[in-house]
Number of protein chains: 2
Amino acid sequence: METKGKFTYDYERPALATDCVIFGFDGGELKVLLMERETEDSQSTWSLPGGFVYMNETTEESAKRILHEKTGIKNVFVEQLYTFSEVDRDPRQRVVAVAYYALVNNKKFQIAAGLNAKNVAWFELSKMPKLIFDHSKIVKTALIRLKGKVRYQPIGFELLNEKFTLTQLQQLYEAILETTTDKRNFRKKILSMKLLKALNEKEQNVARKAAQYFSFDKQAYKEFTHSGFNFEL
Amino acid sequence: METKGKFTYDYERPALATDCVIFGFDGGELKVLLMERETEDSQSTWSLPGGFVYMNETTEESAKRILHEKTGIKNVFVEQLYTFSEVDRDPRQRVVAVAYYALVNNKKFQIAAGLNAKNVAWFELSKMPKLIFDHSKIVKTALIRLKGKVRYQPIGFELLNEKFTLTQLQQLYEAILETTTDKRNFRKKILSMKLLKALNEKEQNVARKAAQYFSFDKQAYKEFTHSGFNFEL
DNA sequence: TGGCTTAGTGTATTTTTAACACTATTTATT
DNA sequence: AATAAATAGTGTTAAAAATACACTAAGCCA
């Protein structure tokens, strides 16, 4: 128990923190951004970016602030995941963590990737190092959520640039859902929802037929949902 | 800030509480169990059962403990809903609330209903009183979750007795999803999953043809999911 | 015994999903 | 200039699932 501090309560309180699982998509692979810290015995351990919640911010604001402070990423999709409260999850003190997950598009992915020299790095899911505390469990929970959610909410687009090809979109879904899909059937289904705008623009400098660029039409999606339709893939 | 207390920290901490949305199903209606408290000005206000998290319990244990202490209900389905952290959600002090929702079957519903004389009561969703703080928002969030979840997880059964008729089951789904369904199609679909066991028992004392009782077959569901099938209604 | 009430059941149509293979375009290579 | 390499883009058919729809069965009551 702290004694030097200056905030005193008439009952004991857990500390409250936020942790963030940051997903990116690159090279056909789903990746997670992790931070490295040196421990006292000068071993390195990896963890999710996280920190304590301030008194004047919500947990969502806290997660976004920490995301920005620690990785430079801002203005991305962030959603609450789950609150982890095992009594001994942090052996040093009782910390309850409200976990969030973020989806980072390819452009911001590259910026975050540029920070590699420092203490953050992208990891493929199959190549994740051991993580501190219950952070592996948090990542696992985030993956399950992402897999479930991507099928009935158009959040996958958050992982691509504003303009993307149908092949990229299909690869994204295949990576997240760990499936393969027939190209024609995938295109038929996604185009039938009329939520994609075909742009007057094609890929450049590719040694093959250049693919058409599309963008997600947020306005059409609004009307789509208001008409009682449900996104589903 | 408290001054008489004996727990002191070197930075300010929000209080951590749990609140619980308790769903019951009776008379073809989905209901929520609420608590009444007297305020200082002797007006009554309604709220979700809730309380502070102890240092030696997880938030889930806290929610279950409080549920039991305040309503007598235990051994029911309880699942984490969402963490509410608006800075001013409780005007008296900063409280972050981890909300849970519980599904109470009809038998336990009746017991809880018997507490009516005291300070708890079941309310139909359309007849809910004004609630304290952000508790209406919490109920709304719980409803959205229940609606979403009931379609791809067999949690609806938690709201019925162990034995139930297909008509009861259908009414439950219709109440939660706010839809109507064709009786033959509903039966065809639910029975095709082979997750219901027909019991050698019928309704008693009804002034019409007595309906067959069924129960949910947990063992079959385990095998069902392990075979890669998904519950879906 | 006739009336009331809800249980229980089958078929035909429409819609959705799944399976499947070739041509078109662009760049790189020789 | 011709050809090879790579991936974009496209339509049809068959199977499965969802939907729409109406009568008979059983038990109690008046």
Side-chain angles (χ1 to χ4, degrees), chain A residues 26-29 106 150-152 160-161 163-175 177-215 224 227-233, chain B residues 26-29 106 150-152 160-161 163-175 177-215 224 227-233:
Chain A
D26 187 58
E29 286 275 353
N106 197 265
V150 87
R151 282 180 43 198
Y152 64 91
L160 298 173
N161 287 333
K163 60 185 184 186
F164 50 82
T165 68
L166 294 181
T167 299
Q168 287 168 351
L169 185 63
Q170 182 174 355
Q171 283 172 346
L172 172 69
Y173 273 91
E174 290 182 344
L177 298 174
E178 298 180 280
T179 54
T180 55
T181 323
D182 178 81
K183 183 161 59 158
R184 282 169 290 194
N185 292 338
F186 178 82
R187 285 165 185 239
K188 217 180 304 169
K189 189 156 189 186
I190 194 87
L191 291 174
S192 74
M193 284 187 261
K194 313 236 183 207
L195 297 175
L196 299 187
K197 255 197 312 243
L199 305 179
N200 284 327
E201 203 181 339
K202 292 187 175 186
E203 285 179 313
Q204 299 285 327
N205 306 320
V206 286
R208 50 170 170 76
K209 181 171 178 180
Q212 169 82 244
Y213 277 124
F214 288 82
S215 71
F224 179 83
S227 313
F229 291 102
N230 288 315
F231 181 87
E232 203 181 320
L233 253 180
Chain B
D26 187 57
E29 287 275 354
N106 199 266
V150 88
R151 283 181 43 198
Y152 64 91
L160 298 173
N161 287 333
K163 60 184 184 189
F164 50 83
T165 68
L166 294 181
T167 300
Q168 286 167 352
L169 185 62
Q170 181 174 355
Q171 283 172 347
L172 172 69
Y173 274 92
E174 291 183 345
L177 298 174
E178 298 178 283
T179 52
T180 56
T181 322
D182 177 81
K183 182 160 61 158
R184 281 170 288 194
N185 293 338
F186 178 83
R187 283 162 187 242
K188 214 180 306 171
K189 188 155 189 185
I190 195 88
L191 291 174
S192 74
M193 284 187 261
K194 314 235 183 211
L195 298 175
L196 299 187
K197 253 196 314 239
L199 305 179
N200 284 328
E201 202 180 343
K202 292 186 175 186
E203 285 180 312
Q204 300 284 326
N205 307 320
V206 285
R208 50 171 170 75
K209 180 173 177 180
Q212 168 85 242
Y213 277 124
F214 289 82
S215 70
F224 180 81
S227 315
F229 290 103
N230 288 313
F231 181 87
E232 203 181 320
L233 254 179

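From a predicted model like this one, the values you see are computed outputs, not experimental measurements. Proteins get letters first, then strands, A, B, ... in listed order; numbering begins at 1 in each.
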> Whole Å only: how far is the CZ atom of F186(A) from the C1' atom of dG11(D)?
Replying inline: 18 Å
> To the nearest angstrom, how far is D182(A) atom CG from dT16(C) atom P?
Replying inline: 18 Å
> Can you tell me if the side-chain N/O atoms of R184(B) get under 4.0 Å from OP1 or OP2 in dC21(D)?
Replying inline: no
>> I'd like to know whether L233(A) forms a side-chain contact (heavy atoms from CB on, under 4.5 Å) with V150(A), so could you lay out the CA-CA distance, the side-chain angles of the two residues, the decisive distance to 0.1 Å, and finally the verdict.
In response: CA-CA 8 Å; L233(A) 253 180; V150(A) 87; over 6 Å; no
> Which whole-number value in Å describes the distance from L191(B) CG to dG10(C) P?
Replying inline: 12 Å
>> Judged by each residue's nearest nucleotide on DNA chain C, which is more toward the 5′ side, N185(A) or N205(A)?
In response: N185(A)
> Starting at the 5' end of DNA chain D, which residue's closest nucleotide do you reach first, K188(A) or K209(A)?
Replying inline: K209(A)
> Applying the side-chain hydrogen bond (donor to acceptor under 3.5 Å, both in side chains) test to K163(A), which of Q168(A), E201(A), E203(A) qualifies?
Replying inline: E201(A)
>> Under 4.0 Å, heavy atoms only, any strand: does T167(A) hit a base, just the sugar-phosphate, or nothing?
In response: sugar-phosphate
>> Run the side-chain contact (heavy atoms from CB on, under 4.5 Å) test on T167(A) and Q171(A) for me, step by step, so that the C-alpha distance in whole Å, both residues' side-chain angles and the decisive distance to 0.1 Å come before the verdict.
In response: CA-CA 6 Å; T167(A) 299; Q171(A) 283 172 346; 3.9 Å; yes
> Relative to the 5' end of DNA chain C, which residue comes earlier, E203(B) or A207(A), by the nucleotide with the nearest heavy atom?
Replying inline: E203(B)
> Are OP1 or OP2 of dT17(C) and a side-chain N or O of K189(A) less than 4.0 angstrom apart?
Replying inline: yes
> When rounded to the nearest 0.5 angstrom, what distance separates CG in L172(A) from CG in L160(A)?
Replying inline: 5.0 Å
> Within this structure, what is the NZ-to-P distance between K202(A) and dT27(C), rounded to whole angstrom?
Replying inline: 11 Å
> Over how many whole Å does the gap from Q212(A) atom CD to dT26(C) atom P extend?
Replying inline: 12 Å
>> Measure CD/Q168(B) against P/dG8(C) and give the value in whole Å, please.
In response: 11 Å
>> Between P on dA22(D) and NZ on K183(B), what's the gap in Å once rounded to a whole number?
In response: 14 Å
> Rounded to the nearest Å, what distance is computed from the CD atom of residue Q171(A) to the C1' atom of nucleotide dA6(D)?
Replying inline: 14 Å
>> Can you give me the closest heavy-atom contact between F224(B) and N230(B), atom names plus distance?
In response: CE2-C, 3.6 Å
>> Given dG9(D), dG8(C), dA6(D), identify the nucleotide with an atom nearest to the side chain of R208(A).
In response: dA6(D)
